[in-house]
Structure formats: structure tokens, C-alpha cells
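Worksheet: the structure to be examined is printed underneath.
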Amino acid sequence: MNIFEEYLNKILNKIKLASEEKLILLPESLSGINVDIPPKKFKCDLSTNVAMVLSKTNNEPPIKIAEKLKDIIFKDDNNIEKIEIANPGFINIILKKEFWTSFLLNINNLNNFGASLNGSKKKHLIEFVSANPTGPLHVGHCRGAILGDVISNLLKFNNQEVVKEYYVNDHGNQILHFTRSVYLRIKEKLDNQTFPQNEDDLYPGEYIKDIAQHIIDNNKDLQFDDYEKIKLTLTKLAITESLKLIKTNLNNLGIIHDNFASETEIVENKEVDKVIDKLKKDKFVYIGKIKAPEGEDTTNWVERDQLLFRSTDFGDDKDRALKKSDNTWTYFAGDVAYHNTKLNRNFDKLINILGADHAGYIKRITSVVEALSGEKNKLICKVSQLVKLIKDGKPFKMSKRKGDYITVEDLISEVGKDATRFIMLSRSNDAELDFDFTKVKEKSKDNPLYYVQYCYARISSVFRNINKNIDDKIDNENKNMQFNNEEIEIFKKISEWPKCVEISTKKLEPHRIPVYLYELSSQFHSYWNMGKDDVEKRFINDDKTINIEKLIFLKSIAKTIKTGMDIIGVDTPEKM
RNA sequence: GCGCUCUUAGCUCAGCUGGAUAGAGCAACGGUUUUCUAAACCGUAGGUCGAAGGUUCGAAUCCUUCAGAGCGCGCCA
């Protein structure tokens, strides 16, 4: 029920026919033609720019073409009340009131109103979060986590297949430092050894102590005297513990991954060697040198021969290292192998959600996926920009050294899951986001989340008062419904919902959904208050009954809000 | 030095893959509750869309240049 799409198709068909009959000429591409939501000041329902697009090819002014097309396209359309032509050549359509009645009846019977189901079902792999398993998640991880989760929801809503995956970087130096930190905390607990204060590489956070304690408690038979002996076992135990923390954090955010892929496993299965061989065969890999970046302190830079991937072939600014000087694989090499395993699993589309600090990584990883698959745009990377934390009006810097992170746990307990999700989503992922801790906490009533939830709660209260359930089926045999102008304005807003979903999905930009829900709620709240002066606009009659029109009106709004809130993963309480 | 992202009202941001007179919220000021939830509503005020060129019938949106902010630039992940 995307009326914009339906009218666009109608227009395209009609002008194609007209061109066959030599009534008009068509340009090579019709892609510029669209059917839009007209600005409010033009009192119409749909508008199209088709005349302007055809003007040049036909060598006639848009207004003249519009006059011509008006008959060609809309002559036999009995949903239309009136067509107006406006400068510089828009065709503005006003639909009959009855159209909106049938529109409402139609969407009332749909389970997934707004979903675009024309596209074929594709298999998507979306990788997100993938934070190092060295401790709980902090606020910085949150935004990308929510973005990835909601993009998955969006795709699923549109009947796409989605696998949500977390890549566990359980291999490499960070993990060694992490394991040693845990070990030292164990020694602190068991043998009163002092934890070193001045080693930058170690993890100082309090949670390491908890992990240490858990490991001691659950492994009574283990000996912790010789670090080298116990290192491997301890690494596994420590990673399991921190993954537990991470999974709890994600759960509290309402996020559940389908799959956790381990870097260690990939390395141990020789996946890296295999994929590098494959790349060598195709001459994407060679031994060469990397130049130091200009304008940086490069006193310690030693140019050396290295195994490199030819990412410059794909537009990167330098080729990328696959092996470190100690002959072990770089992080990139492991990730190349990981992405190769994604390709082996036959996904149609790969999506990665990255933090802003990893944006420089996009070019090389998309390059390697292109090299391996021979397909451009197989992998799409979305970046979630930085969240600027503000506390008491001042920017708050988190420091790893002091271990003073604001964790996901802090955030959820202070602000709540729903508010966190809603706020993190309501801005474009490409733009930085100010997250004012004190403000969100103190002024929680100004939070846009409550505004939308309140809308749903108000509708629920009506249903409660008349002893009906919001999910009850409505018998809509009566086709002679009468709606007032304000109600029809809201139907128009509802008719925009599929367009909102479509563009959010196409661009993988879910921030449009909270924005839409806010706007719809605003129109509803406005209508609600009209009931104070105008009895006609109250929902419940004096005898505690409700008219079918009002019932179906309320239900369509509640349903749209619920659908949207489900996609962004936020609750819709019936009482507030 | 190079790359990516951002710059729209005092503040925080939308602006639908180029459309009509650029929109919200907050803050400010003035109103609305005997009536279905006032966590709401109505009104007033607030703009050279960072700057300059270009493409186009038409630019906040696309291109170029410049300025400012953020992130990043081998053996960290």
C-alpha cells in the first residue's frame, strides 16, 4: 500500500503508452520522475514532477506538457477529486475522501503495513559491534550496536533474510595484554602480589578483578604459579568471561546476535593461508614497501619489505600490510580470511557497521571483498559517528588508562534501554551525536521517546475505557464512513509510512523512523486536544460507545506507531 | 601532507537518492485542564542553509575550490 509507488508506476505506464502513440516524446532515462509528498501549504495529496522532466525532450514549457499529461494520465482515475497544475509545472493531485476510507480499510487488514515486498528475498550478513573481548561494552560501542540491530530489523521487516554476526577478535596482542592483566589480578588475590600501576599495556579496570575472581572460583583445580604454562587455558577462560559480560550488555540493549565468529578459529583453521594463496594467484598480493605518511612524526619509521595487498588497484591510497615484522598475520589478514568465510557462506549482501575510528579501514576491506568476489558493492560499510558525551554541561572524555569508562550498564540503569535506543537512532549515523547525560536524566520528560510512547498510551486508554482490545478485529462492512479533514490529514501522514520504510531500507539509514514517528505522534496529540473544544472530535460517546470511524482511525495510528517502534526495538507501553 | 565524515534558527537536529515560500524540539515570551492520560496542546519570535564559483527549467541537496570541526593514515584491533 505505497500510494506514491502506485501512482509513480501508473504515470510511467501511461506516458510509455502515450509515447507509443506518438503523443509525447520520452527522454532516455525516466529515473528523474517521481511522486512526492507536497509541502503542506499546497493543499493537495500527491504531486509529480513528470511534466518538468519531459519538458526539454518535447521542447515545450512544463505547464503546457502538464496540461496534456493531465488528461493522458488521470482521465480514467476515479479516485481523483481534482488536479491542479502549479508553477513551474507540478501536477498536484487531490484524492477523493472515499479514497482514504478504502485506504484505511486496506491497511487495517495488513500485518506488515509499510513493508516493501517487491524485491526478491536475499541473504544478508550483517556484522556489528565486534568489540574486542577484553571487557564490557561502553557507551562508544552502543551506537553502532543499535544501528546494526535496527538495520537488521528493517531488512527482516521487508522480508529479507538476515544473519547478525559478531566477529570476536580473540587473537593478537590486545588479548595477550588482557590475559596477563587477568593473571596479575589473580596473583593479587591469591598471593597478594601488587598489580603494576605504570604499565600502559595492562587493563586497569575493576571488572578485571571480577573476572579474576570468577576464574578462581570456578577452577579450583587450576594452578596459577607459572604464567607461561597456564597462558592458553587462561586466555580461553578470560575471553569466555568477557564475552559473557558483552552478551549481557547487548541483551540489556535488546540485541541478540545469531552468531559469534572467532578470529582464533579462523587462524587455526589456516583460513588466512588459504585466502592469501588465492589472492597471490590472482596477483593481488606482493612483497613491497610502504611509505611513511607525511606531516606526521616519522622518526621511528623504518621502511621495510612486507607482504602487501594491492588495495590501490581498487582506489585505496596505499597498499596494505598482511604480515607483521615478527612474521605473524596482521589484523587485516585475519579479517580478509574472515570475509572470505562470509563469501563462502553464499550471502548476497554483506553489511559491516563500523565506528568512526575505523572508517579509514573501509576502503581496504571493501577492496579485498571486491578482489575475492569479483563483485563491486558486495560489501557495504556503514559508519556510526562518534557519540560526544556531555556531563554537567561539559564534554566528558573517557580514558582507557584510568579505566573510567561509562559502560553500557551505567547507561541503561540511568537512562533506560528504550531512551538509549531512541536517542542514538534519532540522528543520522553520519553525524556526530551529543549525548548529554545529565540532561537526558533530569529532563526525561522532554525526551522524544515519551512523546511517541504517550501517543500509543493515549490510544490504549481509549480502548481500555470502552472495554475493547487494541488488537481486536474490526468489522468494517460499513463502507459509508465519514471522516473529517483533520482525520484525513493524519491518514495522509500514515500513507507516508511505506515511503519512510522504503528510503530507510534502501539507504540503510534508520534514523528516519524515529523522526517519522515523532511527526505522526505530534499530529495525533494535536488532534486529541481538539476534543476539548469540539465534541465531534472526542473518541468516546456519552453512552460509552465509539463510532466505527473513530475506532478504525485510532487503530491505524496505533498500528503504525507499533510497527515503527518494533523496528527500532522500543516498547510501546499501554499505560504511562 | 593525504583520505573519510560533518557545517541548516541562540542550542540540538530533520529535510524524503535535485523540486514549489527551508521544518521540528529545546531555550524565550503569551495562552489552554469541571470533559477519553497536560509526559499534551495553541500562539509569538527567531535563517545569507560555512564561503565562493559551476551544472540545471530548478540546488540546503550534485561538481570544483576554499575555510572551520571531528576521525584516521605499517608491524593496534
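Small disclaimer: the values here were computed from a predicted structure and weren't measured. Chain naming here is simple, since letters A, B, ... match the order of the sequence lines and numbering starts at 1 in each.
Comparing the C1' positions of rA52(B) and rU7(B) gives a spacing of 16 Å, expressed to the nearest Å. Taking the C1' atom of each, rA45(B) and rA40(B) are spaced 22 Å apart, rounded to whole Å. One C1' atom belongs to rC66(B), the other to rG25(B), and the distance between them is 33 Å to the nearest Å. As rounded to the nearest Å, rC4(B) and rG10(B) have C1' atoms that lie 31 Å from one another. The separation of rG23(B) from rG19(B), taken at their C1' atoms, amounts to 16 Å, rounded to a whole angstrom.
Between the side chain of His358(A) and the base of rA77(B), at least one donor-acceptor pair of N or O atoms lies under 3.5 Å. For Lys40(A) and rA20(B), a side-chain-to-base donor-acceptor distance below 3.5 Å is absent, hydrogens and geometry of angles not being considered. Side-chain to base pairing of Asp317(A) with rG3(B): no donor and acceptor N or O lie closer than 3.5 Å to each other. Between the side chain of Asn92(A) and the base of rA20(B) there is at least one donor-acceptor pair of N/O atoms closer than 3.5 Å.
For rC42(B), the OP1/OP2 oxygens have no side-chain nitrogen or oxygen of His525(A) closer than 4.0 Å. Applying the 4.0 Å criterion to OP1 and OP2 of rA39(B), one finds that Tyr450(A) has every side-chain N and O outside that range. Between rC75(B) and Ser325(A), no contact under 4.0 Å exists linking OP1 or OP2 to a side-chain N or O. Note on Arg464(A): every side-chain N or O is 4.0 Å or more away from OP1 and OP2 of rU37(B).
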